[in-house]
Amino acid sequence: QQGLTLNDGGALINQAAAIMTLNEITGNGALINNGDVYFNGVTLNHSVTGSGTFVVNNDVVSNANIAQSININTDKSLTIDILKLQGNVTNNGRLVITGDGELVNQISGIGVINITNAVSSNANNFGGSIVNDGMLQLTAGTVSHDISGQDGTVNITGAVQNNASISQKV
């Protein structure tokens with residue numbers, strides 16, 4: 001996809017498996033993915049929608065909405081604002097959640113989840129260990145994976161059962 005430009009109102013529609021290099025896609029259009037796209041590169045600046053899967057095949061920073069399933073491969077990472085994370089995540093690497101907001105999607109997998117700001121969620125939405133360096137507000141559910149972090153705080157505002165270790169301020 002070398003030199004691909006997405007003009008305003010334009011879109012790249014993918015129907016099959018594809019490999020794309022993020023840094024070589026320019027313009028203000030959108031990506032509509034109905035297949036599996038393996039994203040290489042560093043920065044995502046285009047919203048991604050569709051029925052497919054966004055596969056993180058490198059360390060990626062997203063500045064755009066991802067409104068579909070996300071699969072983070074082993075030893076890879078995705079950094080994204082909580083408000084731009086609009087699909088369920090299978091995390092086998094590292095998911096870094098920035099920004100303030102509510103997590104309403106499911107995160108499964110064996111990868112690590114890093115929280116840097118204020119996030120509220122049902123504890124059942126987290127399917128991996130959490131490194132919390134912000135404010136994690138748990139509103140319901142069961143903590144099934146360890147929560148740690150040097151500077152973070154866990155705030156419990158609903159009925160939450162703890163079946164794991166929380167090694168920070170509560």
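Heavy atoms only: backbone and side chains are in, while hydrogens, waters and symmetry mates are out.
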For Asn73, which residues count as a side chain to side chain donor-acceptor pair (under 3.5 Å) partner, sequence neighbours excluded? Asn57
Please tell me whether Asp146 and Ser165 have a donor and an acceptor in their side chains that are separated by less than 3.5 angstrom. no
How far apart are the closest heavy atoms of Gln86 and Asn105, and which atoms are they? C-ND2, 3.0 Å
Give me the atom names and distance for the closest heavy-atom approach of Asp133 to Gln150. OD1-N, 3.4 Å
Do Ile130 and His145 have side-chain heavy atoms sitting under 4.5 Å apart? no
On a heavy-atom basis, the closest approach of Asn92 and Gly109 is OD1-CA, 3.8 Å
What's the separation between atom CG in Asn114 and atom OG1 in Thr98, rounded to the nearest 0.5 Å? 11.0 Å
How about CG on Asp75, more than 12 heavy atoms from neighbouring residues, nucleotides or ligands closer than 6.0 Å, or not? no
Would you check if Phe126 and Ile147 make a side-chain contact, meaning some heavy-atom pair closer than 4.5 Å? no
Linking I/L/V/M/F/W/Y whenever any side-chain heavy atoms sit under 4.5 Å apart, do Val112 and Val96 land together? no
Under 4.5 Å between side-chain heavy atoms, hopping through other hydrophobics if needed: is there a path connecting Phe54 to Val104? no
Validation row: Asn88, Ser108 side chains within 4.5 angstrom (heavy atoms): no
Short side-chain to backbone donor-acceptor contact, Asn124 and Thr142, under 3.5 Å: yes
Return the CG to CG distance between Asn45 and Asn63, rounded to the nearest 0.5 Å. 5.0 Å
According to a 4.5 Å side-chain heavy-atom criterion applied to Ile, Leu, Val, Met, Phe, Trp and Tyr, with indirect links allowed, do Val56 and Ile110 form part of one hydrophobic cluster? no
Nearest heavy-atom approach of Leu95 to Ile80 is CD1-CG2, 4.1 Å
Do the side chains of Val143 and Val170 join up, straight or via other hydrophobic residues, at under 4.5 Å, putting them in one cluster? yes
Residues in side chain to side chain donor-acceptor pair (under 3.5 Å) with Asn91, at least two apart? none
Within this structure, what is the OG1-CG distance for the pair Thr157 and Leu138, rounded to the nearest 0.5 Å? 7.5 Å
Are Asp59 and Lys76 side-chain neighbours, meaning at least one heavy-atom pair lies under 4.5 Å? yes
For Gly141 and Ala123 the tightest heavy-atom approach is C-CB, 4.0 Å
In this structure, CD of Gln106 is separated from OG1 of Thr90 (nearest 0.5 Å) by 10.5 Å
Looking only at heavy atoms, which two atoms of Thr139 and Val160 are closest? And how far apart? C-CG2, 4.2 Å
Find the distance between OG (Ser144) and CG (Asn162) and round it off to the nearest 0.5 Å. 9.0 Å
Under a 4.5 Å cut-off applied to non-hydrogen side-chain atoms, are Ile97 and Ile107 in contact? yes
Excluding sequence neighbours, so at least two apart, what forms side chain to side chain donor-acceptor pair (under 3.5 Å) with Ser121? Asn125
same_hphob_cluster(Ile166, Leu103) at 4.5 Å side-chain heavy-atom cutoff: yes
Do Ile72 and Arg94 have side chains that approach each other closer than 4.5 Å (heavy atoms only, starting at C-beta)? no
Can you tell me how far CG of Asn117 sits from CG of Asp81, rounded to the nearest 0.5 angstrom? 8.0 Å
Going by heavy atoms in the side chains, are Ile82 and Ile115 under 4.5 Å from each other? no
